[in-house]
Number of protein chains: 2
Amino acid sequence: MTPRPDHEPARRGTLRRDAERNRDRIVRAAQELFAERGLAVGFNEVAHHAGVGVGTVYRRFADKEELIHAALAEPLGELAEAARRAGEAERAWDGLELLLGSITELLVDNLGLRDVALGGGGWRLGRSTVERVADVLRYLLDRARAEGDLRDGVAGDDVMMILWLVTDLAQHSVQVRPRLYRRYLQVLLDGLRAAPDRAPLVEEPTEQQVLAICRRWAGAPL
Amino acid sequence: MTPRPDHEPARRGTLRRDAERNRDRIVRAAQELFAERGLAVGFNEVAHHAGVGVGTVYRRFADKEELIHAALAEPLGELAEAARRAGEAERAWDGLELLLGSITELLVDNLGLRDVALGGGGWRLGRSTVERVADVLRYLLDRARAEGDLRDGVAGDDVMMILWLVTDLAQHSVQVRPRLYRRYLQVLLDGLRAAPDRAPLVEEPTEQQVLAICRRWAGAPL
DNA sequence: GAGAAGCGGATAGCGTGCATCCGCTTCAAC
DNA sequence: GTTGAAGCGGATGCACGCTATCCGCTTCTC
């Protein structure tokens with residue numbers, strides 16, 4: 001028999017019953033792990049979490065890109081949908097707050113999504129979604145500027161940097177205080193606004209929590 | 001002969017002339033590399049950069065902690081000194097701005113220093129310095145609150161988180177736009193203030209730069 | 001010029017992650 | 001039931017990067 005390389009993908013639908021079931025398990029496991037810990041999670045771990053052997057994972061997915069695609073198709077859709085909704089806001093600034101709020105929430109709750117969305121195009125996947133979001137962002141930013149809600153000198157790229165900052169913070173703090181990132185998103189957004197808000201700050205952390213977060217951020221030092 | 005383990009430290013001053021010279025080279029190399037890229041730099045690289053073999057490094061420094069100590073003693077002093085100066089400010093808020101500004105600058109220009117200073121106590125070294133800075137910080141924060149300059153609900157720990165955020169940003173952007181971090185430090189500080197400043201934003205990045213920074217932030221993805 | 005002190009860098013050990021291979025199990029068509 | 005293809009598991013090999021050691025050779029110093 002031809003020892004067909006492990007990863008040759010039998011066309012979907014032609015799979016044996018048990019194989020189909022395993023494939024689903026794998027995708028679900030990947031979704032969970034990627035969401036929780038980002039795309040750095042390895043095949044071995046995905047396999048174990050799905051309750052199958054590594055071989056089985058490689059048999060269904062030629063490489064990581066393919067697995068990521070299967071695991072992130074849906075959340076990418078949500079991202080695009082969030083952008084669409086925000087684009088319809090009456091006042092552009094409200095749309096911006098809504099968009100930033102929902103994007104960060106999506107990215108924070110799914111760190112794998114964050115990796116592809118902010119990956120600077122490093123992952124081919126999802127580039128079109130990112131483009132769509134960026135378009136809405138630019139549109140809202142221009143309108144908000146015209147409506148006088150935007151602080152002088154704010155650039156579109158500032159929003160990009162803020163997304164990185166906030167989701168990076170979130171990555172280190174989710175386990176300790178899931179919504180802490182909102183506090184600093186609030187401060188940053190307030191700082192981009194022409195007339196500041198000064199609403200009471202949300203999500204005040206305890207000293208314990210801050211210490212724990214610092215330790216995580218520093219990584220296990222040696 | 002007793003094959004004295006490589007790293008047994010001959011007492012300083014008893015070193016042979018050439019050995020002394022090499023030791024200095026190593027410390028200088030470590031200072032440079034740690035400052036530029038943080039404490040993750042390995043012994044091998046330090047050795048190579050100093051123009052000596054790895055063995056020579058291990059002979060003088062029993063472990064990484066010892067080398068770090070030698071390389072960071074001076075910058076740690078600068079940190080303490082910056083805190084002292086800031087504590088003497090007339091108005092507490094000015095002291096805070098000064099302190100945050102100089103701390104971030106020191107930490108950004110020396111990423112190794114950042115690693116020990118923010119390391120959540122993971123590195124024994126420098127704990128006393130960090131304590132001293134924290135004391136000044138608390139003192140200024142209390143005074144600023146009393147003087148009515150601080151936004152309601154700002155906690156001392158917020159400053160800690162801001163230091164992490166800003167220096168983390170800096171870590172990914174120094175190579176591209178060395179002072180970009182000032183822009184977001186400005187926004188964040190503005191957000192902690194009772195009456196906002198709205199000074200024109202500094203250091204506007206180009207689209208090119210933002211893209212480059214994102215790519216670095218994402219790491220080389222695979 | 002002798003011997004202690006110092007040197008370099010090959011090498012071993014370790015941890016992590018990707019990818020493959022192959023003997024065994026399970027399915028499903030007959 | 002039988003049988004052969006499809007599928008399975010996970011040990012295994014490879015590559016990488018870092019720490020740490022060892023030992024034959026060189027250099028300094030008295």
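Within every chain, numbering begins at 1; the chains are lettered A, B, ... in the order of the sequence lines, protein sequences first and strands thereafter. All values reported here derive from a predicted model rather than from experimental measurement. Just so it is clear, the values below take in all heavy atoms, side chains as well, and ignore hydrogens, waters and symmetry mates.
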Is the distance from OP1 or OP2 of dC8(D) to the nearest side-chain N or O of R60(A) less than 4.0 Å?
yes
Does atom CD of E207(B) have more than 12 heavy-atom neighbours from other groups under 6.0 Å away?
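No, CD of E207(B) has 12 or fewer neighbouring heavy atoms, counting only those of other groups under 6.0 Å.
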Take atom CD in E81(A); do more than 12 heavy atoms of anything else shown fall under 6.0 Å from it?
yes
Within this structure, what is the [atom1]-to-[atom2] distance between [X] and [N], rounded to whole angstrom?
{"X": "D63(B)", "N": "dA20(D)", "atom1": "CG", "atom2": "C1'", "value": "11 Å"}
{"X": "F43(B)", "N": "dG9(C)", "atom1": "CZ", "atom2": "P", "value": "17 Å"}
{"X": "E20(A)", "N": "dC8(D)", "atom1": "CD", "atom2": "P", "value": "11 Å"}
{"X": "E65(A)", "N": "dA19(C)", "atom1": "CD", "atom2": "C1'", "value": "17 Å"}
{"X": "R59(B)", "N": "dC23(D)", "atom1": "CZ", "atom2": "C1'", "value": "11 Å"}
{"X": "E45(A)", "N": "dG10(D)", "atom1": "CD", "atom2": "P", "value": "16 Å"}
{"X": "Y58(A)", "N": "dA11(D)", "atom1": "OH", "atom2": "P", "value": "15 Å"}
{"X": "F61(B)", "N": "dT21(D)", "atom1": "CZ", "atom2": "C1'", "value": "18 Å"}

Tell me whether [X] is salt-bridged to [Y], with the criterion being a basic N under 4.0 Å from an acidic carboxylate O.
{"X": "E131(B)", "Y": "R127(B)", "result": "no"}
{"X": "D109(A)", "Y": "R179(A)", "result": "yes"}
{"X": "R60(A)", "Y": "E66(A)", "result": "no"}

Determine whether any donor atom in the side chain of R16(B) lies under 3.5 Å from an acceptor atom in the base of dT27(D), or the reverse, and answer yes or no.
yes
Under-3.5 Å N/O pairs linking protein and nucleotides 10-14 of chain C:
none

Among [options], the nucleotide that comes nearest once only the side chain of [X] is considered:
{"X": "L15(A)", "options": "dG7(D), dG6(C), dG9(D)", "value": "dG7(D)"}
{"X": "K64(B)", "options": "dC8(D), dT19(D), dC7(C)", "value": "dT19(D)"}
{"X": "R17(B)", "options": "dG6(C), dC8(D), dC28(D)", "value": "dC28(D)"}

Does either side chain, that of R37(A) or that of Q171(A), offer a donor lying less than 3.5 Å from an acceptor on the other one?
no
Assuming nearest nucleotide by heavy-atom distance, tell me which of R21(B) and N22(A) is located more 5' along DNA chain D.
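Here N22(A) is the residue nearer the 5' end.
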Out of the candidates F61(B), F34(B), Y58(B), only one should pair with F43(B) under the ring pair (Phe, Tyr, Trp, His ring centres under 6.0 Å) rule; please name it.
Y58(B)
